[in-house]
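First listed ligand is number 1; within each ligand, the first listed atom is number 1. What you see below is based on every heavy atom in this structure, not just the backbone, and it leaves out hydrogens, waters and symmetry mates. Everything numeric in this text was worked out from a predicted model, so none of it was measured.
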Amino acid sequence: MGVLYLLHTRPWLCITRKKAGFATRKLYSKGALLYRNRILCQALRMASSGMNVAAFQKDKAYVDGKWVSAKSGKTFEVTNPSNGKVLGSVPDMDRSDAQAAIETAYRTFQAWKSTLPKERSDILRRWFELCVKHKKELATLITLEMGKSFPEAEGEIAYSANFLEWYSEETRRTYGDVTPPPAHNKRVMVIKQPIGVAAMITPWNFPSAMLTRKIGAALAAGCTVVARPAEDTPLSALALCELAEQAGVPPGVVNVITSSRENASPIGKELCENPLIAKISFTGSCAVGKLLLSQCANTVKKTSMELGGNAPFIVFDSADVDKAIQGLMFAKFRVTGQTCICANRILVQEGVYDKFVQALAKVIDSQLKVGDGFEPGVTQGPLINKRAVEKVENLVNSSVGEGAKVVVGGSRKDGPGNFFNPTLLRDVTTEMSVAKEEIFGPVAACIKFKTEDEAIAIANSTSYGLASYFYTNDISQSYRVSEALEFGMVGVNEAAITSPETTFGGWKESGLGSEGGKYGINEYLAFKNICYGIQHKA
Ligand code: ADP
């Protein structure tokens, strides 16, 4: 790692293996010492595995194939949510930097759009292979800046790289149609062409995969890109640029601009309003998604919006309770509950409610471990920032005030870092905020229901429509319920529902368009009807 990286940010690591214990002991208190020693062991382990994270940790943005500063020279710090320590800093770009990146992407589009699908396919394939080759370095950056456990970060890199692989394959299959003629003197075909420069705004919870799911599709279609990653996690995005360059992505095809939260809004406005941008793809909150949509209206941009969710997770009386719990552990506690498809409202039928809650409490106690994402066995990293901890804490406290009971957890973890203990609440009702709002934290809120109709009515009684899950062993029920749920994704006796092969997208206020699968590339293609008038010989 790390040693190179850690030396850069942690001067105390400038010590030999022999002296390590002594030096750190002099500098730090007992608690801090334990932490430092763990990190030191890790650094040494990573160094001996030949990993060099420093080569991937950038302090500049990437525009026109160059590593660039903000025009203003300003920077902002990136911190580790596990301990608040500064990892480094990157350019705090503003609207004028965004304009420059857009112009670059527009100029480059004129050449990139004419490349052959096979050429784009080869480049995307090489990018995929490089991500796989450097998965440990990329995963290290994710755990450092975002906090998820290292195994989860490795999982994200595999998922992220797979989008590049998927789109390297899809680029050669953007078939159009030759349609039956509407008249004897006409011939009609529909071709698909790259739409133009695509702008992307991505969140912090999947710092790598949310980018490749968009950029992979855009490049495959023949579009060029201006992407702005979340301010919390720009390092992973910039590391992807390093590998894009190595893979042979030409300068100006992928441009990544970084900024603080303060500059997110002006940059977002520029991306939405600039006529040189043809497409906006956003993943984030409903509130910001709606704002971006309104800003795109004037230039009538094609948009993809992957917004929030309030996923129901329904357990029917007929379900295999152990299997449902196993599914819930993934759907609820993955990334410490910080995914937009995390189970939010756990609806359990009255016949199995008590059994389910009791068994779930035991599994939470025995399987989840809170801590720094690099620590062996940790499943629950920190929440992204203090604001997130406060939000989760308020939701738990208000539910308890309204009658919910805490079965497990219920509070923050003492000590530094943005940690919240895995929490199980029972006797939750549909009126409580914890059932209405997207929790985005490790809180399982269990609601009791009586009938299938009631469960469907509760599940659909939300303006969100992203993911949903249910467990049943009644085959007729599995058809009825999966068809009745008003959600873009339904897991039936299955919680791991996403993959590059299938569509990801929400109904209602959860979004517009879909990513991945055979339709994902269409988000970056414009359809053109070409109608030939020909001389007809009767
Ligand atoms: P979260 O609360 O999870 O950060 P947001 O929707 O606020 O979700 O943020 C998702 C992404 O959108 C982040 O990259 C963030 O910086 C960016 N963002 C936030 N506000 C705006 C805005 N007004 N215009 C453009 N991007 C924004």
Given that the side chain starts at C-beta and the backbone is N, CA, C, O, which of these parts of K269 lies under 4.0 Å from ligand 1, counting heavy atoms, or is it both or neither?
neither
If you compare S285, C286, C340 by their heavy atoms, the one closest to atom 5 (P) of ligand 1 turns out to be S285
Checking heavy atoms under 4.0 Å, the part of F440 that sits near ligand 1 is neither
Please answer whether the main-chain N or O of G252 pairs with a side-chain N or O of N255 as donor and acceptor at a distance below 3.5 Å.
yes
For T202, the ligand 1 atoms whose distance to one of its heavy atoms is below 4.0 Å:
11 (C), 13 (C), 14 (O)
Look at atom 9 (O) of ligand 1 and say which protein heavy atom is nearest, naming residue and atom and giving the distance to 0.1 Å.
R261 NH1, 3.8 Å
Indicate yes or no: does an N/O atom of T283 lie under 3.5 Å from an N/O atom of ligand 1?
no
Short N/O distance, under 3.5 Å, between R387 and ligand 1?
no
Atoms in ligand 1 flagged as close to L291, the criterion being non-hydrogen separation under 4.0 Å
23 (N)
CZ-OG1 distance between R334 and T379, expressed to the nearest 0.5 angstrom:
13.5 Å
Looking at F504 and L466, what are the two nearest heavy atoms and their distance?
CE2-CD1, 4.3 Å
For the side chain of T75 and the backbone of V90, is there at least one donor-acceptor N/O pair under 3.5 Å apart?
no
Interatomic spacing from CD1 in I257 to CD in Q99 - rounded to 0.5 Å:
10.0 Å
Return the closest protein heavy atom for atom 3 (O) of ligand 1 as residue, atom name and distance.
W204 NE1, 3.2 Å
For S265, the atoms of ligand 1 under 4.0 Å from one of its heavy atoms are 22 (C), 23 (N), 24 (N)
L292 neighbourhood, listing ligand 1 atoms whose heavy-atom distance to it stays under 4.0 Å:
24 (N), 25 (C)
Is it the case that K148 places NZ or CZ above or below the six-membered ring of F206, under 6.0 angstrom from the centre and within 45 degrees of the axis?
yes
When distances are taken from atom 24 (N) of ligand 1, the protein heavy atom at minimum range is A264 O, 3.5 Å
Test salt bridge (Lys or Arg N to Asp or Glu O under 4.0 Å) on D94 and K74 and set out the steps.
CA-CA 9 Å; D94 59 23; K74 288 185 183 159; over 6 Å; no
Pair E170 + K518, salt bridge at N-O below 4.0 Å
no
So for I267 against ligand 1, with non-hydrogen atoms under 4.0 Å, the contacting part is neither
Side chain or backbone of D232 under 4.0 Å from ligand 1, or both, or neither, by non-hydrogen atoms?
neither
Going by the salt bridge (charged side-chain N to carboxylate O under 4.0 Å, His left out) test, which pairs reach into residues 211-237, not counting sequence neighbours?
R213-E306, R213-E515, K214-E515, R228-E231, E231-R261
Proximal atoms of ligand 1 relative to E231 (non-hydrogen, under 4.0 Å):
15 (C), 16 (O)
Mark up the atoms of ligand 1 that fall under 4.0 Å of a heavy atom belonging to V288, in ascending order.
6 (O), 7 (O), 19 (C), 20 (N), 21 (C), 22 (C), 27 (C)
What pairs with T502 under side-chain contact (heavy atoms from CB on, under 4.5 Å), at least two apart in sequence or on another chain?
S499
